[in-house]
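Presented below is the structure to which this report refers.
Position 1 is the first residue of the sequence; numbering continues from there.
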Amino acid sequence: MLVDELMGSHFDYWVTQAEQRNTDVPMQGPAQLVRRFSMDPALAQPIIERERIVVGVIHDAELGVQAVACVGTVTPGGVRSEDGRYWLGDCELQAAMRCYFGINYGSIVV
């Protein structure tokens with residue numbers, strides 16, 4: 001499955017796995033629910049800042065209005081990726097968390 005197709009709790013599960021791999025903070029206990037990184041700015045913002053993820057908005061004739069995220073910089077024309085990879089989402093948090101997952105695991109989930 002492509003990272004750009006991940007949504008909901010399945011998506012948040014994979015972001016949790018990436019975060020658990022990259023930090024010493026325990027993400028889950030035996031009865032704890034998966035954190036909602038793609039919907040909760042308080043959970044996502046520390047990751048976005050730490051990983052230097054920037055987010056913009058594109059208006060595409062085929063895709064419509066989409067958030068686009070990458071590790072890079074904000075420019076007058078939008079966002080510019082350092083490595084040429086961009087991640088899309090229906091909202092800014094979704095795009096940012098897809099970017100985070102993508103830079104850790106790649107663009108395909110097995």
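Annotation: the span from Cys70 atom SG to Arg80 atom CZ amounts to 9.5 Å, rounded to 0.5 Å. A distance of 14.0 Å separates OG of Ser38 from OH of Tyr100, quoted to the nearest 0.5 Å. Note: Asp12 CG to Met97 CE = 9.5 Å, rounded to the nearest 0.5 Å. The distance from the SG atom of Cys99 to the CG atom of Leu88 is 11.0 Å, given to the nearest 0.5 Å. The distance from the CD1 atom of Ile103 to the CZ atom of Arg98 is 15.0 Å, given to the nearest 0.5 Å.
Note on Phe101: it does not cluster hydrophobically with Tyr86, by side-chain heavy-atom contacts below 4.5 Å among ILVMFWY residues. Note: the hydrophobic cluster containing Ile58 also contains Val54 (ILVMFWY, side chain heavy atoms under 4.5 Å, direct or indirect links). Hydrophobic clustering, with ILVMFWY side chains joined whenever heavy atoms are under 4.5 angstrom apart, keeps Trp14 apart from Met39. Follow the hydrophobic side-chain contacts under 4.5 Å out from Phe11 and you reach Tyr105 in the same cluster.
Between Glu92 and Val57 the shortest side-chain heavy-atom distance falls below 4.5 Å. Contact of the Ile47 side chain with the Arg50 side chain is registered, since non-hydrogen atoms from C-beta on lie closer than 4.5 Å. Side-chain contact between Ile48 and Leu93 is present, with heavy atoms from C-beta onward closer than 4.5 Å.
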Could you go through residues 72-79 and list every donor-acceptor pair under 3.5 Å that involves a side-chain atom there, pairing it with any protein atom two or more places apart or in another chain?
from	atom 1	to	atom 2	distance (Å)
Thr75	OG1	Gly77	N	3.3
Thr75	OG1	Gly78	N	3.3
Thr75	OG1	Gly78	O	3.1

Atom pairs and distances, donor-acceptor, side-chain atoms in residues 61-68, under 3.5 Å, two or more places apart:
from	atom 1	to	atom 2	distance (Å)
Gln66	NE2	Asp90	OD1	3.3

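For the pair Ala96 and Ile53, the tightest heavy-atom approach, listed with the atom from each and the gap, is O-CD1, 3.6 Å.
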